[in-house]
Amino acid sequence: WRQHGAIPAVYNQQQCGSCWAFSATETIESYNELCGNGLNHESMQQIVSCDTTAYGCNGGWTSAAYNYVESAGGIEPLSDYPYTATTGTCQFDASKINEHITGWSYVTQSADESAMQNWMLNKGPLSVCVDASSWQFYTGGVITQCGDQIDHCVQATGYSTQSGTAAWNVRNSWGTDWGNQGYLYVERGTNMCAIGNVVTAVTCT
């Protein structure tokens, strides 16, 4: 979906466990573009600070983020509510909302990578939650060894074959100095890193 202009630039969550909010925000941004509303940068900080069902920099789930954005009526632009890498206090201004969602769904919770691939081919990118404990020192190639204890959420932007290995193309939120300019490849078809356990997308608006 990078080739289709539906993926914004790589973000950096810094030393804050806000990956869940980044993953959800990235997916909202992508589907806003796919719905014909333009590719905008939205405020993951609004979710981090205002979603009282999650734990800010101490973690959360993409489902909580989507539910919050729906209940709030939408999300502010990143330029109006910038990221601070802290949980902070909620400063949400409903008058500045420029994007909303009408729903979200689990694409799979049972490691059905065929369902993931079909969705990816026909609809758009995916929010995925993974075991990223082995990713810290990733510099290239395809991840083929990984745990299955979910501790991180990211965005799967496409799929490919790398040096004969089927792979998911994954956008991380650790800045462009990490990995392949912020991206990595995760082996496809083996539920590597538990990539198929918590897979979500939002409804086009």
Side-chain angles (χ1 to χ4, degrees), residues 1 5-109 119 123-130 132 150-157 170-175 182 197-205:
W1 288 101
I7 309 296
V10 170
Y11 292 122
N12 189 345
Q13 68 185 74
Q14 303 176 51
Q15 299 301 312
C16 169
S18 53
C19 61
W20 59 283
F22 273 80
S23 181
T25 301
E26 290 162 3
T27 299
I28 292 169
E29 290 171 342
S30 292
Y31 281 85
N32 190 65
E33 163 62 21
L34 293 171
C35 291
N37 300 319
L39 187 62
N40 304 307
H41 295 285
E42 305 301 341
S43 177
M44 66 290 293
Q45 187 64 48
Q46 178 188 333
I47 298 172
V48 172
S49 296
C50 301
D51 182 359
T52 58
T53 68
Y55 305 100
C57 283
N58 292 317
W61 290 100
T62 50
S63 56
Y66 300 139
N67 288 335
Y68 163 73
V69 172
E70 278 195 89
S71 68
I75 189 168
E76 289 187 50
L78 182 59
S79 58
D80 285 339
Y81 200 154
Y83 184 63
T84 63
T86 62
T87 298
T89 57
C90 184
Q91 305 293 325
F92 171 54
D93 183 347
S95 70
K96 296 180 178 179
I97 287 174
N98 76 327
E99 207 164 297
H100 68 280
I101 59 174
T102 58
W104 64 276
S105 62
Y106 286 106
V107 175
T108 179
Q109 292 179 280
W119 185 288
K123 296 184 179 181
L126 298 166
S127 168
V128 294
C129 295
V130 298
I150 291 173
D151 59 6
H152 190 47
C153 296
V154 289
Q155 186 182 42
T157 62
V170 177
R171 169 196 185 197
N172 203 352
S173 54
W174 294 348
N197 288 15
V198 184
V199 184
T200 57
V202 297
T203 304
C204 246
T205 58

| message | Please evaluate residues Y81 and C50 with respect to the criterion side chain to side chain contact (heavy atoms under 4.5 Å, CB included), reporting the C-alpha separation (whole Å), side-chain torsions for both, the decisive distance (0.1 Å), and the verdict. | response | CA-CA 12 Å; Y81 200 154; C50 301; 4.0 Å; yes
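- Residues T25 and E42 bring no donor and acceptor atom of their side chains to less than 3.5 Å of each other.
- Nearest approach of S43 to I75, heavy atoms of both residues: O-CD1, 3.3 Å.
- In terms of heavy-atom proximity, R171 sits nearest to P8 at NH2-O, 3.3 Å.
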*asked:* Assess the residue pair C19 and C153 against the criterion (disulfide (SG to SG under 2.5 Å)); give the C-alpha distance rounded to whole Å, side-chain angles, the decisive distance to 0.1 Å, and a yes or no.
replied: CA-CA 5 Å; C19 61; C153 296; 4.8 Å; no
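- Side-chain contact check for W174 versus H152: some heavy-atom pair is nearer than 4.5 Å.
- Remark: the backbone N or O of K96 is not paired with any side-chain donor or acceptor of E76 at under 3.5 angstrom.
- Each of N37, T203, V202 was compared with Y31 under the side-chain contact (heavy atoms from CB on, under 4.5 Å) criterion, and only V202 meets it.
- The aromatic rings of W104 and Y66 lie tilted to each other, with the angle between the two planes from 30° to 60°.
- Using a distance-only test at 3.5 Å, with no hydrogens or angles considered, no donor-acceptor pair links the side chain of Q14 to the main chain of A85.
- No donor-acceptor pair closer than 3.5 Å links the side chain of S173 to the backbone N or O of Y11.
- Looking only at distances, no side-chain donor or acceptor of N197 sits under 3.5 Å from a matching main-chain atom of V130.
- No donor-acceptor distance shorter than 3.5 angstrom exists from the side chain of D51 to the backbone of G56, with no hydrogens or angles considered.
- Of the possible donor and acceptor atoms, none in the side chain of T200 sits under 3.5 Å from a partner among the backbone N and O of S105.
- Going from atom OG1 of T62 over to atom CG of L126 covers 11.0 Å, rounded to the nearest 0.5 Å.
- Rounding to the nearest 0.5 angstrom, the gap separating the CD atom in E99 from the SG atom in C35 is 9.0 Å.
- Checked by atom type and distance alone, the side chain of S30 pairs as donor or acceptor with a backbone atom of A6 at under 3.5 Å.
- Remark: side-chain polar atoms of Q46 are not paired, donor with acceptor, to backbone N or O of D93 under 3.5 angstrom.
- E26 contributes no side-chain N or O that, together with a main-chain N or O of I7, makes up a donor-acceptor pair within less than 3.5 Å.
- A donor-acceptor pair is defined here as one N or O able to donate and one able to accept, closer than 3.5 Å; no such pair exists between the side chain of S23 and the backbone of W20.
- Here the side chains of T53 and N67 are not in contact, with every heavy-atom distance at 4.5 Å or above.
- A distance of 11.0 Å separates CG of N98 from NE2 of H100, quoted to the nearest 0.5 Å.
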